[in-house]
Amino acid sequence: MRRAVTVAVTTAAVLAGGFSASQAQAATPPTPSITAPGGFVMNNGTAATLFGKGADTRRPTGSTTKIMTAKVVLAQRGLNLDAKVTVQKAYSDYIVSKNASSARLIVGDKVTVRQLLYGLMLPSGCDAAYALADKFGTGTTRAARVKSFIGKMNDEARKMGLRNTHFDSFDGISNGSNYSTPRDLTKIASSAMKNTTFRSIVKTRSTTQKVTTKTGGYRNMVWTNTNKMLGTYSGMIGVKTGSGQQAKYCLVFAATRGSKTVIGTVLAAPNEANRTADVKKLLDYGFAR
């Protein structure tokens, strides 16, 4: 009898305060269930963890690797985003040999660093990634420059204290030791999003870029973002998809509503539909927390 009275008094007190029992329950949303084996979400402003599932388990990352590629490029001292890079046959040959995603760069065209970053992050161009690694690595041969650039990616991961991240490629096409975790990738993206150029690029749904041809003329390159949640999820601002036979379906994501930004990662979802559903659940949960 005493217990019933206590419950009645508590409920009455809640209602008297203008807050219903159902509202009290809704204030703490249930932890979401996702199909992907790896997921992580944090409040980007406070870095507070909001959700984790296999958050520190190393997994292949697919093209989400390109977040670090862009981050390393944008961190170069004296970076000139308008500097032009001539597209080499090696970049085109690489795409063909790997059957890789492409920005459809044309051999001989002169493309700016800024345009290469768009080609890297929107259509997920592995040819653009190769061009950037060749441009910003150091060495007398292309192979040496690429190796140097990947070294810079790993140096940056170490500086950030990411013990579960390692890169062996500039684009996520792994040679056997390219991996990260949902927590680490989220931290990389959070850091990258501090750069205004990066933020501007990854929130772009599509772009038309005028590039110079080898004969001195111009052509328009049209690139569409592989992140289909841009424009379909309220507040979505990026950042990068990834997929592959080993990586399966991945997405590093960020969204802002009001003054709150939620950022996170889903790795190894079984298909694109599940990936999208998982990300929506995690974002909804993050904003409700």
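Any value given below was found using the heavy atoms of this structure, including those in side chains, with hydrogens, waters and symmetry copies removed. If you're wondering where the values come from, they're calculated on a predicted model, not measured in any experiment. For the single chain, residues carry numbers from 1 onward in sequence order.
- Applying the salt bridge (charged side-chain N to carboxylate O under 4.0 Å, His left out) test to Lys159 and every residue at least two apart in sequence or in another chain returns nothing.
- Not a single donor-acceptor pair under 3.5 Å links the side chain of Asp127 to the backbone N or O of Tyr91.
- Once rounded to the nearest 0.5 Å, the distance linking CZ of Arg104 with CE of Met221 reads 8.5 Å.
- Proximity of a side-chain donor or acceptor of Asp168 to a complementary backbone N or O of Gly176 within less than 3.5 Å is detected.
- When only modelled atom types and interatomic distance are considered, Thr208 and Asn220 share no side-chain donor-acceptor pair under 3.5 Å.
- The shortest side-chain heavy-atom distance between Tyr130 and Ile95 does not fall under the 4.5 Å cut-off.
- Residue Thr61 forms a side chain to side chain contact (heavy atoms under 4.5 Å, CB included) with just one option from Thr165, Asp184, Thr265, Asn178, and that option is Asn178.
- The line from CE of Met193 to OG1 of Thr186 is 12.0 Å long, rounded to the nearest 0.5 Å.
- Proximity of Ile106 to Thr213: side-chain heavy atoms (C-beta onward) are nowhere separated by under 4.5 Å.
- For Arg257 and Phe287, the positive end sits near the middle of the six-membered ring, less than 6.0 Å away and at most 45° from its axis.
- Judged by distance alone, with hydrogens and angles left aside, the side-chain atoms of Asp278 form a donor-acceptor pair with the main-chain N or O of Thr35 at under 3.5 Å.
- At a threshold of 4.5 Å between non-hydrogen side-chain atoms, the residues Leu251 and Val279 count as touching.
- Note that the CD atom of Glu272 and the SG atom of Cys250 stand 12.0 Å from one another [nearest 0.5 Å].
- When side chains are defined from C-beta on, Val85 counts as touching Leu116, because their heavy atoms get closer than 4.5 Å.
- Using a 4.5 Å heavy-atom cutoff, the side chains of Val202 and Asn225 are not in contact.
- Ion pairing between Arg219 and Asp109 holds under the 4.0 Å rule for side-chain N and carboxylate O.
- Here CZ of Phe136 is found 8.5 Å from NZ of Lys152. Values are rounded to the nearest 0.5 Å.
- Residues Tyr285 and Arg289 have side chains that bring a donor and an acceptor to within less than 3.5 angstrom of each other.
- Remark: Lys240 NZ to Lys66 NZ distance equals 5.0 Å, nearest 0.5 Å.
- Separating the CD1 atom in Ile263 from the CG atom in Leu50 is a distance of 11.5 Å, to the nearest 0.5 Å.
- The shortest distance between side-chain heavy atoms of Phe198 and Lys71 does not fall below 4.5 Å.
- By the side chain to side chain donor-acceptor pair (under 3.5 Å) test, Arg205 is found to be paired with no residue, residues two or more places apart in sequence or in another chain being considered.
- A donor-acceptor contact under 3.5 angstrom links the side chains of Thr226 and Thr241, judged on distance only.
- Both Leu185 and Val72 belong to a single network of hydrophobic side chains, linked directly or stepwise wherever heavy atoms of I, L, V, M, F, W or Y lie under 4.5 Å apart.
- Phe149 has its side chain out of reach of Arg145: every pair of non-hydrogen atoms, C-beta onward, lies at least 4.5 Å apart.
- Not counting sequence neighbours, the partners of Ala55 by the side chain to side chain contact (heavy atoms under 4.5 Å, CB included) test are Phe40, Arg183.
- Under the 4.5 Å side-chain criterion, counting only non-hydrogen atoms from C-beta, Leu282 is in contact with Pro32.
- Crowding of Arg163 atom CZ: a count of heavy atoms from other residues, nucleotides or ligands under 6.0 Å not exceeding 12.
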